Amino acid sequence: MEVQPLINPNTFHDYLTRLLAIGNSVSALGAFLLLTKGMPRNKINQIIFISSLTCLITLVGFMFIGTRILNFFGVSINAFQVAGGILLGKVGLEMLGHSPEKINDPKSNNQKINLHRIDSQNMYSEAVVPIAIPLTIGGATLSAIVLFAETAAQTETSHELLAAIVILVIVNYVIFRFSAGIFNLLGSMGINIFIRIMGIFTLSIGIQFLAQGLGGFYLKYRAMEIPVVSMM
């Protein structure tokens with residue numbers, strides 16, 4: 001008797017590649033380096049660990065209760081797909097418009113944040129905000145998680161999505177852990193090219209969500225058409 005694997009590799013790969021395109025922290029390297037500039041290495045490592053743990057808890061939480069939040073506010077999944085698609089498309093366009101100057105200047109990061117250096121007294125709170133949220137995971141990533149969770153629930157692929165979330169958090173942890181080396185190795189131009197490539201994928205995913213949401217609305221209202229009653 002053939003034993004089915006717990007995780008489908010193809011589905012896992014699909015979730016992971018889309019999450020990495022949307023939620024990678026490369027664009028936040030400049031802001032992260034500015035925030036932690038001058039801090040001891042052990043303190044920086046603590047900040048990275050806390051922010052990564054926060055990201056994991058937040059993403060898993062949205063995976064399991066995201067649709068319930070939508071139901072509480074009376075928002076349909078089709079409406080959220082349209083809104084999420086627009087948001088992802090906007091983020092993708094902003095990533096495509098990134099320039100080396102924007103990477104070197106953290107104040108021009110996608111997230112409008114009042115950046116300042118972290119001191120030892122408030123480093124734990126600032127590891128959560130702004131480093132974890134919204135520098136690492138913002139509204140686009142959380143929107144994508146909710147939409148992926150809906151798909152996972154319908155196709156029984158929650159294990160694949162959960163594994164992809166864990167890998168995403170690990171990848172972002174490694175990026176921040178070696179942020180200075182990555183920045184020096186790639187340079188602003190190399191990072192800018194990478195961000196633009198990811199922007200293409202993010203824009204494509206946004207368009208896909210938007211099309212799915214509009215298609216869902218079309219099918220829903222088409223099924224609700226009132227039949228014509230003939231007058232005698």
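Count residues from 1 along the sequence. Bear in mind that the values here come from a model prediction, so they are computed numbers and not experimental data.
Rounded to the nearest 0.5 angstrom, L70 CG and I65 CD1 are separated by 10.5 Å. The CZ atom of F176 lies 12.0 Å from the CD1 atom of I44; values are rounded to the nearest 0.5 Å. Taking CZ of F217 as the start and CD of Q81 as the end, the distance is 9.0 Å to the nearest 0.5 Å. To the nearest 0.5 Å, atom CD1 of residue I48 and atom CD of residue Q46 are 10.5 Å apart. Here the CG atom belonging to L56 is positioned 9.0 Å from the CD1 atom belonging to I170, to the nearest 0.5 angstrom. Rounding to the nearest 0.5 angstrom, the gap separating the CG atom in L88 from the CG atom in L210 is 10.0 Å.
Cluster membership check: I77 does not share its hydrophobic cluster with L219, using side-chain heavy-atom separations under 4.5 Å among Ile, Leu, Val, Met, Phe, Trp and Tyr. By the criterion of side-chain heavy atoms lying less than 4.5 angstrom apart, applied directly or through intervening Ile, Leu, Val, Met, Phe, Trp or Tyr residues, F72 is grouped together with F80 in one hydrophobic cluster. Under the 4.5 Å side-chain contact rule for hydrophobic residues, M63 and F73 share a cluster. Under the 4.5 Å side-chain heavy-atom criterion for Ile, Leu, Val, Met, Phe, Trp and Tyr, M189 and M198 are members of the same hydrophobic cluster.
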**Item:** Stepwise side-chain contact (heavy atoms from CB on, under 4.5 Å) test for T141 and F62
**Value:** CA-CA 10 Å; T141 306; F62 267 75; over 6 Å; no
**Asked** Should V146 and L142 be marked as a side-chain contact (heavy atoms from CB on, under 4.5 Å) after you check the CA-CA gap, both sets of side-chain angles, and the distance that decides it?
**Response** CA-CA 6 Å; V146 174; L142 296 178; 5.7 Å; no
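Residues F32 and L135 have side chains not in contact (no heavy-atom distance under 4.5 Å, counting atoms from C-beta outward). Contact annotation: the side chain of R177 approaches that of N45 to within less than 4.5 Å [non-hydrogen atoms, C-beta and beyond]. Taking the side chain as every heavy atom from C-beta outward, P130 and L35 approach each other to under 4.5 Å. The shortest distance between side-chain heavy atoms of V171 and N24 does not fall below 4.5 Å. No side-chain heavy atom of K90 sits less than 4.5 Å from a side-chain heavy atom of L203. The shortest distance between side-chain heavy atoms of N78 and L214 does not fall below 4.5 Å.
A side-chain donor-acceptor contact under 3.5 Å links N172 to the backbone of G23. Panel note: side chain S76, backbone A79; a donor-acceptor pair is recorded below 3.5 Å. At least one donor-acceptor pair closer than 3.5 Å links the side chain of E160 to the backbone N or O of N8. A distance-only check finds a donor-acceptor pair linking the side chain of T151 to the backbone of L147 [under 3.5 Å]. Counting only distance, with no hydrogens or angles, the side chain of T136 and the backbone of I133 share no donor-acceptor pair below 3.5 Å. With S51 contributing its side chain and V128 its backbone, the two residues share no donor-acceptor pair below 3.5 Å. Formation of a donor-acceptor pair under 3.5 Å by the D14 side chain with backbone atoms of N10 is not found in this model.
Here the closest heavy-atom approach between residue C55 and residue I137 is recorded as CA-CD1, 3.9 Å. Closest non-hydrogen pair, A21 versus T202, comes out as O-OG1, 3.0 Å. Heavy atoms only, all atoms of each residue included: A164 and L19 are closest at CB-CD1, 3.9 Å. In terms of heavy atoms, S143 sits closest to G84 at CB-CA, 4.3 Å.
Looking at V26, T36, L29 one by one, the single match for side chain to side chain contact (heavy atoms under 4.5 Å, CB included) with S179 turns out to be L29. Screening L161, I167, T157 against F12 for a side chain to side chain contact (heavy atoms under 4.5 Å, CB included) leaves a single residue, I167.
F148 and F209 have their aromatic ring centers within a separation under 6.0 angstrom.
Within a 6.0 Å radius of CZ in F201, no more than 12 heavy atoms belonging to other residues, nucleotides or ligands are found. Residue-environment remark: CZ (R68) stays at or below the threshold of 12 foreign heavy atoms within 6.0 Å.
Side chain to side chain, S25 and Y173 fail the donor-acceptor criterion of an N or O pair below 3.5 Å.
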